[in-house]
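Here's the structure, in structure tokens; my notes come after.
On a predicted model such as this, the values are computed, not experimentally measured, just so you know. Chain letters run A, B, ... following the sequence lines, proteins first, then strands; residues in each count from 1.
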Protein chains: 2
Amino acid sequence: MDEVKWLSNDEQVAWRAWLAVNAQLTARMNRDLQAKNGLSLADYDVLVNLTDVPDRSLRMFELGDKLQWEKSRLSRQVMRMAARGLVERRECLDDRRGAFVDLTPAGLEAIRAAAPEHVKLIRQVMFDAFTPDEVATLTKLYHGVLERLEVKPVEAAADGSAA
Amino acid sequence: MDEVKWLSNDEQVAWRAWLAVNAQLTARMNRDLQAKNGLSLADYDVLVNLTDVPDRSLRMFELGDKLQWEKSRLSRQVMRMAARGLVERRECLDDRRGAFVDLTPAGLEAIRAAAPEHVKLIRQVMFDAFTPDEVATLTKLYHGVLERLEVKPVEAAADGSAA
DNA sequence: CGAAAACAGTTGATGCAGAAACTAGACTCT
DNA sequence: AGAGTCTAGTTTCTGCATCAACTGTTTTCG
């Protein structure tokens, strides 16, 4: 009844490679961003999501949906970023529970400064070595995983700017 | 001179999907392990690496190499796990700076209890939906990424047991 | 209307992760 | 031998992530 179907050897190799890429690449992005631009990956992700959007402003919960973060995490993250001047909080008049987060000029400058190096790294370790077919396969597989995790797939920005 | 080569739209979609899978799957594994077995993913990873090895014992630095963790992180992790009885620390007679980490019976029991559900999740969201070709492609691509990150690819355990 | 439920966001407690400084034992090389 | 260097591991400090509890607001619906 509860026979376990273990991973085949090939699957296990793939799985461990996945875990390793996952951990190493995340760590690397964090280190590079921190060293070169004084941003954490979390900072970067917030900035990207604000830059993506026409008026560079989002309700907290919208940002939270995009990032799929715990709301407490977002709350603290925004607080810290506001203290550093990267974003600004603005109260919402329609719904007095709510709050907007606006990208500041300093925040825009910060991501404009950070993005090129960041994209370069991603290209270097991933996309420059992948064929279009491989990219398509990856996308298909990832989206499948997201569906099975019951998370909605993510869209791209209108201009492919911010990675 | 410093023209930035942004990501194409397809690449960007793939990239964001990767980020999402990465974050969501890690979070999910953590939650499930914590809820069902009282283990963090970090606990699990340590246990897997000890289970993999013939005598279920490793030097700290060997474990650190396998996990690719900061040594301070490993030090604390092992301390916490030892306090909970999942592993035991043992001093090294050959090299008096050194320390062994031994898997305890309780640790073995913990991973035996946790592994089936954990593997089931991984199968559910990934491998059961992948063809062998796709698994092979993933492995190839990930190993490529690891090389470009200058990290050595990882091996599988002898018995495909512990995912 | 008005009570109950749902929602938006913050706060407090706790545990974890990373960088750098530190301790102490082992190597190297003349 | 012994000065300098390297290696193994711990500790300190700081910042981040999660969970649960909480405040205040809006919605629902009988």
Side-chain angles (χ1 to χ4, degrees), chain A residues 19 22-36 38-46 57-84 86-102, chain B residues 19 22-36 38-46 57-84 86-102:
Chain A
L19 289 177
N22 201 314
Q24 298 309 313
L25 183 47
T26 304
R28 170 70 178 275
M29 290 189 298
N30 242 310
R31 272 202 313 276
D32 284 8
L33 277 173
Q34 194 60 253
K36 293 174 190 159
L39 296 175
S40 69
L41 194 46
D43 295 333
Y44 190 88
D45 288 343
V46 168
S57 173
L58 285 170
R59 283 288 296 274
M60 287 288 277
F61 77 93
E62 293 176 307
L63 191 48
D65 283 355
K66 283 174 186 285
L67 291 164
Q68 289 290 122
W69 282 3
E70 300 280 328
K71 50 192 184 165
S72 63
R73 179 181 179 187
L74 181 61
S75 182
R76 290 175 196 291
Q77 179 72 35
V78 166
M79 195 169 61
R80 288 189 297 264
M81 291 179 73
R84 289 157 60 207
L86 298 171
V87 299
E88 246 170 28
R89 313 180 44 107
R90 180 163 50 83
E91 73 177 281
C92 176
L93 302 175
D94 300 359
D95 184 340
R96 275 152 56 193
R97 295 169 300 184
F100 285 100
V101 193
D102 301 0
Chain B
L19 289 176
N22 199 315
Q24 298 309 313
L25 184 49
T26 305
R28 170 72 177 274
M29 290 189 297
N30 243 312
R31 270 202 314 274
D32 284 8
L33 278 173
Q34 193 60 253
K36 293 174 190 157
L39 295 176
S40 68
L41 193 48
D43 295 333
Y44 190 89
D45 288 343
V46 168
S57 173
L58 285 170
R59 283 288 296 275
M60 288 287 278
F61 76 94
E62 294 176 308
L63 192 48
D65 284 354
K66 283 174 186 284
L67 290 164
Q68 289 288 124
W69 283 3
E70 299 282 328
K71 49 193 184 164
S72 65
R73 178 181 180 186
L74 181 61
S75 183
R76 290 183 176 291
Q77 179 72 34
V78 166
M79 194 167 67
R80 287 189 298 263
M81 291 179 73
R84 290 157 59 206
L86 298 170
V87 299
E88 246 171 28
R89 314 182 42 110
R90 181 164 49 81
E91 72 177 282
C92 176
L93 302 175
D94 299 0
D95 184 339
R96 276 154 55 195
R97 293 168 302 183
F100 285 100
V101 193
D102 300 1

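- When rounded to the nearest whole Å, the span between CG of B/L74 and C1' of D/dG9 equals 9 Å.
- Closest to the side chain of A/M79, from the set D/dG9, C/dT11, C/dT10, is C/dT11.
- Spacing between atom CZ of A/R73 and atom C1' of C/dT14 amounts to 17 Å, rounded to whole angstrom units.
- Taking only side-chain atoms of A/S72, from C-beta outward, the nucleotide of C/dG9, D/dA17, C/dT11 with the closest atom is C/dT11.
- One can place CG of A/L63 at 11 Å from P of C/dT10, the figure rounded to the nearest angstrom.
- The CG atom of B/N30 sits 13 Å away from the C1' atom of D/dC19 (whole-angstrom rounding).
- When only modelled atom types and interatomic distance are considered, B/Q34 and B/R31 share no side-chain donor-acceptor pair under 3.5 Å.
- Regarding A/Q68, its CD atom lies at a distance of 16 Å from the C1' atom of D/dT18, rounded to whole Å.
- Annotation: the span from B/R80 atom CZ to B/S75 atom OG amounts to 9.5 Å, rounded to 0.5 Å.
- Separating the CD atom of B/Q24 from the P atom of D/dT18 is a distance of 10 Å, rounded to the nearest angstrom.
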Table of protein N/O atoms under 3.5 Å from nucleotides 22-26 of chain C N/O atoms:
from   : atom 1 : to    : atom 2 : distance (Å)
C/dG25 : N2     : B/R97 : NH1    : 2.8
C/dA26 : OP1    : B/R96 : N      : 3.0

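- Heavy-atom distances to DNA chain D give each of A/E70 and B/A99 a nearest nucleotide, and the one nearer the 5′ end belongs to B/A99.
- The shortest distance between the side-chain N/O atoms of B/R59 and the OP1/OP2 oxygens of D/dG9 is below 4.0 Å.
- Interatomic distance, A/T26 OG1 to A/L41 CG, rounded to the nearest 0.5 Å: 7.0 Å.
- Regarding A/W69, its CH2 atom lies at a distance of 6 Å from the P atom of D/dA17, rounded to whole Å.
- Using a 4.0 Å cut-off between a side-chain N of Lys or Arg and a carboxylate O of Asp or Glu, A/D43 and A/R84 qualify as a salt bridge.
- Rounded to the nearest 0.5 Å, atoms CG (A/D95) and CZ (A/F61) are 8.0 Å apart.
- Not a single donor-acceptor pair, N or O on each side, falls under 3.5 Å between the base of C/dG9 and the side chain of A/R89.
- For B/A42, the side-chain atoms get nearest to C/dA17 when compared with the rest of C/dA17, D/dA8, D/dA17.
- The CE atom of A/M29 lies 6.0 Å from the CG atom of B/L19; values are rounded to the nearest 0.5 Å.
- Positionally, the nearest nucleotide of DNA chain D for B/F61 lies more toward the 5' end than for the other of A/D43 and B/F61.
- Results of the salt bridge (Lys or Arg N to Asp or Glu O under 4.0 Å) test with A/D102 over A/R90, A/R59, A/R89 single out A/R90 as the only residue that passes.
- Taking atom CG on A/D65 and atom P on C/dC7, their separation rounds to 12 Å, with Å as the unit.
- Residue contacts shown for A/R76 include a base, since a base heavy atom lies under 4.0 Å away.
- Taking side-chain N and O atoms only, B/R80 has a distance below 4.0 Å to OP1 or OP2 of C/dA17.
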